[in-house]
Number of protein chains: 2
Amino acid sequence: MENVQQLRMKIRANEFTKPTTGYGMDRLQANVVILPKKYAYDFLLFSIRNPKPCPILEITDAGSPYIKKYSDDIIDIRTDVPKYRVFKNGELVDEPLDIKDIWQDDFVTFLLGCSFTFENELINNGIPLKHINQEKNVAMYITNIETEPAGSFRGKQVVSMRPFHYSLIPRVVEITSRFPSAHGSPIHIGDPNQIGIKDIHSPDFGDPIDIAEDEVPVFWACGVTPQVAVLNSKPEIMITHAPGHMLITDYPTAKLAR
Amino acid sequence: MENVQQLRMKIRANEFTKPTTGYGMDRLQANVVILPKKYAYDFLLFSIRNPKPCPILEITDAGSPYIKKYSDDIIDIRTDVPKYRVFKNGELVDEPLDIKDIWQDDFVTFLLGCSFTFENELINNGIPLKHINQEKNVAMYITNIETEPAGSFRGKQVVSMRPFHYSLIPRVVEITSRFPSAHGSPIHIGDPNQIGIKDIHSPDFGDPIDIAEDEVPVFWACGVTPQVAVLNSKPEIMITHAPGHMLITDYPTAKLAR
């Protein structure tokens, strides 16, 4: 595989526009939420009150598009995400490949942990990930679990789901619990109905994946949760990564493990 | 020992006004910072950028003095801290036993983790804590380590120091690293000069403690750090616990361990 800097250059040049699951596997991947400064406190409060879906990695000063914390070179948040989503007043209005033309001086960028970060560790442990093997985006669902509100931000928790052979479940919990900054241990194991998922074959985001007779679905808190919570309050503008199209940093996954 | 609810009632009635080290030992203890809402975002940003000195436990909605998250009954932050400090424009103006008369509708309360939380675990492991055995407050020092600034908040990192027999040091690191929400592992072990502490016999806060020939001083990030950082920007009002006089919650320490 090409190295992560080469991959970033391709993303910056809009030559890589796919979901990042399976790419940059030994590096921290991040959810991106960009909001005007006036929403930043409530968003931060929401994140701290809901640490499983919203593990905060970095917050920029207002107006600065540059991120140095998790990279050897400087990440430019306006260009270094494979695909963005632009929401106005709660509605998706565009899915651009960069946001140079719409950058604002009052934008604050939040990086939040992503479960793609621990997928490499699962693979290193000999635990297969079906969605990667099938070259799909991970399946994501809106649950009936309420988040803890903050200001006007509130909503249901979103989860990502991965099916595993029943014999692997304890080890999957062990491994992922070592990465609290990447959503950590699962929030649910087994019956999707328990957390309000009516049809496991129809994810709300990402691609469906089949679950074999001897497999169990495992659910992790997902970084799409804060996007949904913010959209419920219809801010005049919010920019995020497109689901599954994460920011890939240079930060080694191993350094995040506890 | 009396139970933690009885102790809280004594604190509420201003009958217990001492440092809390050695009390409520199996329960989460917390640093308290109370600021007007307009400072809350920068304080939160500062805390997230400096997680070792500022592990955030809870943030209240503006104006609410009640905390439910870590207690069976409801904590009233205006009365349930043994002793407070009131700062105006960066100057200490009062050390009251409650703050009922000066409570404001725009006050936001931050609870931050405290190293007293892991002291019980050290004792359970047969590791003696000299300052508790000598009925002293822990020794705290301002170092030469810069914090990561946020808004107008900046300053040097404050540490707490505990001396241990050299043979115990690795185990002390192991145990405390399991409590990231109580400052976690030490930030320095050994020579105080390396982190800018000129005179180990003269702490900036708390009580001095002697270090024997076969003992090594171990330093942890301290929750007084954010107080110092905020005071550097001279807010019109800030209220904190008096150093060492922490909020004792009902939350079992064991539930915090990772």
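We name chains A, B, ... by the order of the sequence lines, and we start the count at 1 in each one.
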Q: Name the region of A:Ile56, side chain, backbone, both or neither, that has any atom closer than 4.5 Å to a heavy atom of chain B.
A: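 Just the side chain, heavy atoms under 4.5 Å.
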Q: Looking at B:Arg178, B:Glu58, B:Lys37, B:Lys69, which one has more heavy-atom pairs under 4.5 Å with chain A than the rest?
A: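 Of the candidates given, the most pairs with chain A belong to B:Lys37.
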Q: Take A:Val108 and B:Tyr41, measure what side-chain contact (heavy atoms from CB on, under 4.5 Å) needs, and give me the verdict at the end.
A: CA-CA 12 Å; A:Val108 175; B:Tyr41 179 70; 3.7 Å; yes
Q: Measure distances from A:Arg49 to the heavy atoms of chain B and classify the residue's part below 4.5 Å as side chain, backbone, both or neither.
A: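 Side chain only.
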Q: Please report the closest heavy-atom contact between B:Leu45 and A:Leu44, naming both atoms and the distance.
A: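 So the two residues come closest at N-CD2, 4.2 Å.
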Q: Tell me, for A:Ser185 versus chain B, whether the close heavy atoms (under 4.5 Å) come from the side chain, the backbone, both or neither.
A: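 Neither part; nothing is under 4.5 Å.
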